[in-house]
Number of protein chains: 4
Amino acid sequence: MSRLTLTDAQRMIDAGIKEATRIGQPMNIAVVDDGAHLIAFARMDGAIKASIDISARKARTSIMMNMPTGDLATATQPGAELWGLEQTSGGLVTFGGGIPIIRDGETIGAVGVSAGSVEQDVTVAEACLSAF
Amino acid sequence: MSRLTLTDAQRMIDAGIKEATRIGQPMNIAVVDDGAHLIAFARMDGAIKASIDISARKARTSIMMNMPTGDLATATQPGAELWGLEQTSGGLVTFGGGIPIIRDGETIGAVGVSAGSVEQDVTVAEACLSAF
Amino acid sequence: MSRLTLTDAQRMIDAGIKEATRIGQPMNIAVVDDGAHLIAFARMDGAIKASIDISARKARTSIMMNMPTGDLATATQPGAELWGLEQTSGGLVTFGGGIPIIRDGETIGAVGVSAGSVEQDVTVAEACLSAF
Amino acid sequence: MSRLTLTDAQRMIDAGIKEATRIGQPMNIAVVDDGAHLIAFARMDGAIKASIDISARKARTSIMMNMPTGDLATATQPGAELWGLEQTSGGLVTFGGGIPIIRDGETIGAVGVSAGSVEQDVTVAEACLSAF
């Protein structure tokens with residue numbers, strides 16, 4: 001398996017910052033490796049502090065569940081199958097903004113973005129991925 | 001009271017792995033004793049990492065509540081009697097996949113399975129129990 | 001990078017159990033991947049419960065520090081350079097019994113053993129590694 | 001009070017990476033604001049994972065205590081005045097590598113470096129500060 005490098009992570013963060021600037025929403029952006037350990041992080045000036053943890057946790061959730069965090073939103077609603085999932089594994093995030101980074105069919109890391117609306121967070125996370 | 005042995009636990013895990021292989025869904029399988037302390041655990045290749053904690057927590061919940069975790073799904077919904085239960089005892093899991101192990105009318109341990117759909121998790125947990 | 005499989009982990013645990021049986025000291029044995037996530041675990045009948053966590057934490061520490069846990073014993077003493085290190089990274093273990101698993105120069109996992117004297121723990125951990 | 005910007009933080013991290021490369025020791029480098037909240041972080045390829053938390057915690061400790069972490073080493077020894085301090089405030093680090101960032105007499109942030117010897121960590125942290 002190939003590993004995600006710091007250079008990869010920083011390039012993705014730079015792309016995310018560029019997109020966040022374009023849409024006018026300062027963001028927190030975290031990139032983790034395939035074990036959910038942080039490689040790089042940036043908080044843009046003016047981005048809310050709660051999203052430091054949320055962005056890192058979105059990236060971590062994407063690794064632990066091996067899926068985008070947005071895919072968990074429906075399944076964890078009251079009455080749905082995974083109701084209460086967010087309590088497990090040290091705390092998972094169940095709304096969009098975390099996306100796995102896949103190379104040659106293997107998940108080698110994840111990016112997590114937070115501070116805007118969920119739609120904005122996803123847009124910026126996808127911009128990060130596009131730079132990979 | 002008779003105690004669950006490592007040999008018991010490993011035999012149950014082997015049976016679970018066999019069933020998980022049969023249905024084509026890699027699983028995390030945990031077996032705990034009557035004090036909710038881990039005896040044996042296995043993560044099949046390709047099973048998601050979040051389910052390491054979830055499987056162990058399902059087994060632990062089964063001991064702490066002395067019932068299958070699936071029995072908690074309805075009672076912990078918004079407006080239902082045990083709303084918020086999952087916050088207690090260090091974090092409980094309220095969807096299926098954890099089942100107590102009962103011998104001669106006494107709960108001597110529990111098995112927890114996670115990584116597939118809840119239905120798959122329950123199927124594999126029952127396969128573990130069948131080997132006991 | 002090659003990955004540690006469940007088969008690898010179980011073979012190492014079996015070898016550890018054999019050595020622990022030979023020296024007459026029941027043990028807890030944990031094997032984690034290169035991200036410190038549990039792959040397999042076994043608690044032998046009669047092994048103390050505290051060592052469930054200690055064995056897993058020794059394996060985790062070996063990954064996080066990329067060294068045997070025994071190498072931390074001197075450096076974390078009062079007055080030494082890393083005094084207080086054990087408080088970091090969610091709690092590290094600074095006595096022997098955790099050893100990284102290295103293949104082709106890369107750390108791909110770690111084993112942690114606990115329940116006996118430190119010398120016994122290290123002996124059993126080395127027996128696990130020998131089976132790799 | 002003037003605030004530390006992401007541009008400031010990234011410039012300091014770049015300087016730290018340059019120095020770490022020069023001395024041949026991959027590092028984790030964290031920069032926090034005056035509230036101890038993370039602004040930017042980088043883990044160089046090959047740096048140990050335990051130091052993700054340690055570097056951030058060193059930066060955090062520097063803010064919480066308003067001093068370099070190395071100044072705590074003596075005071076927290078057995079028998080010394082602040083014995084046990086590292087248990088407080090969610091866990092402080094009492095060895096060198098965390099340094100406050102001061103502008104016009106005011107602490108506006110801190111840098112934390114970890115993964116090498118304490119001496120190397122301090123050297124790289126000072127290189128970060130020099131770029132400020």
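Worth saying up front: this structure is predicted, and the values here are computed from it rather than measured. Throughout, protein chains are lettered first and strands after them, A, B, ... in sequence-line order, and every chain is numbered starting at 1.
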For D:K49 against A:H37, the heavy-atom pair lying closest together: CD-CD2, 3.5 Å
Working for salt bridge (Lys or Arg N to Asp or Glu O under 4.0 Å), residues D:D33 and A:R43: CA-CA 10 Å; D:D33 65 20; A:R43 171 161 51 111; 2.8 Å; yes
Closest heavy-atom pair and its distance - A:L38, D:F41: CD2-CD2, 3.5 Å
Contacting region of A:I17 [heavy-atom separation from chain D under 4.5 Å]: side chain
For D:D45 against A:L6, the heavy-atom pair lying closest together: OD1-N, 2.8 Å
For chain D, the option from A:A9, A:A40, A:A56 that forms the most heavy-atom pairs under 4.5 Å: A:A40
Heavy-atom contact with chain D under 4.5 Å, split by part of A:I52: side chain
